[in-house]
Amino acid sequence: MIRLRLDLAYDGTDFHGWASQKDPGLRTVQRTVEEALALVLRVPVELTVAGRTDAGVHAAGQVAHVDVPEESLQQRSIDGDPARLVRRLSRLLPEDIRLSACTRAPEGFDARFSALRRRYTYRVSTAPGGPLPTRVRDTTPWPKPVDLGLMQETADHLVGLHDFAAFCKAKPNATTVRDLHILRWRDRSTEQEPQLYEAEVVADAFCWSMVRALVGCCLAAGEGRFPPSRALELLDERARSSRVPVAAAKGLSLVGVDYPDDRELSARTLITRDRREAIPPYAPVPIHSRGLT
């Protein structure tokens, strides 16, 4: 068996998220790619992904891996070169999924557990007319004007190692402790796209709906619904809070996943697995500590 790394991009609008569902009628990115890959390689496959995006969330820099028999790559059209799968799969995949690259993964690589951090962006427009028609699928309309300074002040309170239980949908036996490296807002307004804002969100990992809740909290503070200091109160809570609005999925895109040097992949995988298993749900952490910026 050999391990392949797949670099993917997709428009999540018409998908029910990344992960395959029990209902075969639900269209997912994972099932669509697996079916195309199995058809080409003539073996059943199962992908492991860096970040399981929710329904409606997009990706420009998603990463996955798959283990396949060496002989499955020895077909005449592939000739042992995984890069040739890009062209083969492009003929089978729908237009809203693109395989950007396919390579032999280095020893110790795990798309999920080897990752150092995941990088997301969130686009939101407060323009009265809404987003540009050409960007309506990846930009969220927000109904009220916002103050960029208030949004960034709120974001600054959230950066660091915290228990983000108030910002995450509960998942049995899963920790909600995360290290949020960056939460940065920028004004991206142009003549064609006025009142356009973009958030850069980077962390070691994210729990379910966490990014959209962080963005929603900042936007609510930006429109004056509550003061930025509310973020500090929320970090002290140990269950999903109804006071945190969740921004719509369509403004969110996974833009990249960072990995260590190839020589450090195995060590990183072990560290990540040990950390996730060692931290119980709702573990106490240094509230209001600060992480990388």
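- The structure places OH of Tyr120 at 11.0 Å from CZ of Arg212, a figure rounded to the nearest 0.5 Å.
- At a threshold of 4.5 Å between non-hydrogen side-chain atoms, the residues Val45 and Asp67 do not count as touching.
- Using a 4.5 Å heavy-atom threshold, the side chains of Ile97 and Pro94 count as touching.
- Counted within 6.0 Å of CZ on Arg98, heavy atoms from surrounding residues, nucleotides or ligands total 12 or fewer; the atom is thus considered open.
- Side-chain contact between Leu235 and Phe167 is present, with at least one heavy-atom pair separated by less than 4.5 Å.
- In terms of heavy-atom proximity, Ala220 sits nearest to Pro245 at CB-CG, 3.8 Å.
- The backbone N or O of Pro194 sits nowhere less than 3.5 Å from a side-chain atom of Ser189 that would complete a donor-acceptor pair.
- Within a 6.0 Å sphere centred on CD of Glu70, heavy atoms belonging to other residues, nucleotides or ligands number more than 12.
- Counting non-hydrogen atoms of other residues, nucleotides and ligands closer than 6.0 Å to CZ of Arg87 gives a total of 12 or fewer.
- The backbone N or O of Asp204 lies less than 3.5 Å from a partner atom in the side chain of Arg118, making a donor-acceptor pair.
- Atom CG of Leu214 is separated from atom CG of Leu183 by 6.0 Å, given to the nearest 0.5 angstrom.
- For Arg27, the CZ atom counts as densely surrounded, since its 6.0 Å shell holds more than 12 non-hydrogen atoms of other residues, nucleotides or ligands.
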- Item | Asp79 and Gln75: CA distance, side-chain angles, deciding distance, side chain to side chain donor-acceptor pair (under 3.5 Å) verdict | CA-CA 6 Å; Asp79 196 25; Gln75 304 173 40; over 6 Å; no
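- Between Arg3 and Glu107, none of the side-chain N atoms (NZ, or NE/NH1/NH2) sits under 4.0 Å from a carboxylate O, so this pair counts as no salt bridge.
- In terms of hydrophobic clustering, with Ile, Leu, Val, Met, Phe, Trp and Tyr side chains grouped at heavy-atom distances under 4.5 Å, Leu47 and Leu92 are assigned to a common cluster.
- Side-chain contact of Thr139 with Ser125: a donor-acceptor pair under 3.5 Å is absent, judged by distance alone.
- The heavy-atom pair separating Cys168 from Met210 by the smallest distance is SG-CB, 3.9 Å.
- By the rule that hydrophobic residues join a cluster once side-chain heavy atoms approach within less than 4.5 Å of another member, Leu4 and Trp18 end up as members of one cluster.
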Name every donor-acceptor pair, under 3.5 Å, that has one atom in a side chain of residues 253-261 and the other anywhere in the protein, sequence neighbours excluded.
residue	atom	partner	partner atom	Å
Asp258	OD2	Arg117	NH1	3.2
Asp258	OD2	Arg119	NE	2.7
Asp258	OD2	Arg119	NH2	3.0
Tyr259	OH	Ala111	O	2.6
Asp261	OD2	Arg263	N	3.0
Asp261	OD2	Arg263	NE	2.9

- Report the C-alpha separation of Val40 and Leu89 in whole Å, then their side-chain angles, then the decisive distance to 0.1 Å, and conclude whether the side chain to side chain contact (heavy atoms under 4.5 Å, CB included) test is met. CA-CA 8 Å; Val40 171; Leu89 287 174; 3.8 Å; yes
- Task: Take Leu73 and Ile2 through the test side chain to side chain contact (heavy atoms under 4.5 Å, CB included) and record every step on the way to the result.
- Result: CA-CA 10 Å; Leu73 295 178; Ile2 64 168; 3.1 Å; yes
- Passes side chain to side chain contact (heavy atoms under 4.5 Å, CB included), Leu26 versus Asp23? Steps please. CA-CA 6 Å; Leu26 295 177; Asp23 182 352; 3.9 Å; yes
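- Heavy atoms only, all atoms of each residue included: Val43 and Pro69 are closest at CG2-CD, 4.1 Å.
- A 4.5 Å side-chain heavy-atom check between Thr154 and Cys217 finds at least one atom pair inside the cut-off.
- Checked options Glu193, Glu198, Glu200; the residue passing with Arg188 is Glu198 (criterion: salt bridge (charged side-chain N to carboxylate O under 4.0 Å, His left out)).
- Minimum heavy-atom separation, Gln30 to Ser20: OE1-N, 3.0 Å.
- Of the possible polar contacts, none joining the Glu153 side chain to the Pro228 backbone as a donor-acceptor pair under 3.5 Å is found.
- Applying the 6.0 Å contact sphere to CD of Glu46 captures no more than 12 heavy atoms from other residues, nucleotides or ligands.
- Aromatic rings from Tyr197 and Tyr122 are positioned such that their centres are separated by 6.0 Å or more.
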- Task: Kindly determine whether Lys250 and Asp138 satisfy salt bridge (Lys or Arg N to Asp or Glu O under 4.0 Å), including the steps that lead there.
- Result: CA-CA 5 Å; Lys250 70 176 183 176; Asp138 73 345; over 6 Å; no
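- Residue Tyr10 forms a side-chain hydrogen bond (donor to acceptor under 3.5 Å, both in side chains) with just one option from His58, Gln62, Glu95, and that option is Gln62.
- Of all the heavy atoms in Pro131 and Pro141, the pair that sits closest is CD-CB, 4.1 Å.
- Residues Arg137 and Asp14 are paired through a salt bridge, judged by an N-O separation under 4.0 Å between the basic side chain and the carboxylate.
- Environment of CD in Gln74: crowded, with over 12 heavy atoms of neighbouring residues, nucleotides or ligands closer than 6.0 Å.
- When atom types are taken as modelled, the side chain of Arg31 and the backbone of Gln21 share a donor-acceptor pair closer than 3.5 angstrom.
- Tested against Phe113, the residues Thr48, Thr272, Leu265 include a single side chain to side chain contact (heavy atoms under 4.5 Å, CB included) partner, Thr272.
- Under the 4.5 Å side-chain heavy-atom criterion for grouping Ile, Leu, Val, Met, Phe, Trp and Tyr, Leu132 is not connected to Val124 through any hydrophobic cluster.
- In this structure, the separation between CH2 on Trp185 and CE on Met151 is 5.0 Å, given to the nearest 0.5 Å.
- Here the side chains of Phe109 and Thr103 are not in contact, with every heavy-atom distance at 4.5 Å or above.
- Checking Asp110 against Thr269 by side-chain atom types alone, no donor-acceptor pair falls below 3.5 Å.
- Counting heavy atoms from C-beta outward, Arg243 and Leu234 have side chains that approach closer than 4.5 Å.
- In this structure the side chain of Leu85 reaches within 4.5 angstrom of the side chain of Leu41, judged on heavy atoms.
- When the side chains of ILVMFWY residues are joined at heavy-atom separations under 4.5 Å, either directly or via intervening members, Leu219 and Val211 end up in a single hydrophobic cluster.
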- side chain to side chain donor-acceptor pair (under 3.5 Å) assessment of Trp142 paired with Gln195: CA-CA 10 Å; Trp142 194 259; Gln195 296 173 233; over 6 Å; no
- Quick one: do Phe164 and Phe206 satisfy ring-ring contact (aromatic ring centres under 6.0 Å, His included)? Show the steps, please. CA-CA 9 Å; Phe164 286 96; Phe206 294 93; 8.7 Å; no
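- Looking at Val201 and Thr121, their side chains never come closer than 4.5 Å, going by heavy atoms from C-beta outward.
- Smallest separation of non-hydrogen atoms from Arg104 and Gly80: NH2-O, 3.2 Å.
- By the criterion of side-chain heavy atoms lying less than 4.5 angstrom apart, applied directly or through intervening Ile, Leu, Val, Met, Phe, Trp or Tyr residues, Val49 is not grouped with Leu116; the two fall into different hydrophobic clusters.
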- Task: List the steps and the verdict of side chain to side chain contact (heavy atoms under 4.5 Å, CB included) for Arg123 and Thr140.
- Result: CA-CA 6 Å; Arg123 283 173 52 96; Thr140 294; over 6 Å; no
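- One distance of note links OG of Ser241 with CD of Glu233; it measures 10.0 Å at 0.5 Å rounding.
- For the pair Asp54 (side chain) and Val57 (backbone), a donor-acceptor distance under 3.5 Å is absent.
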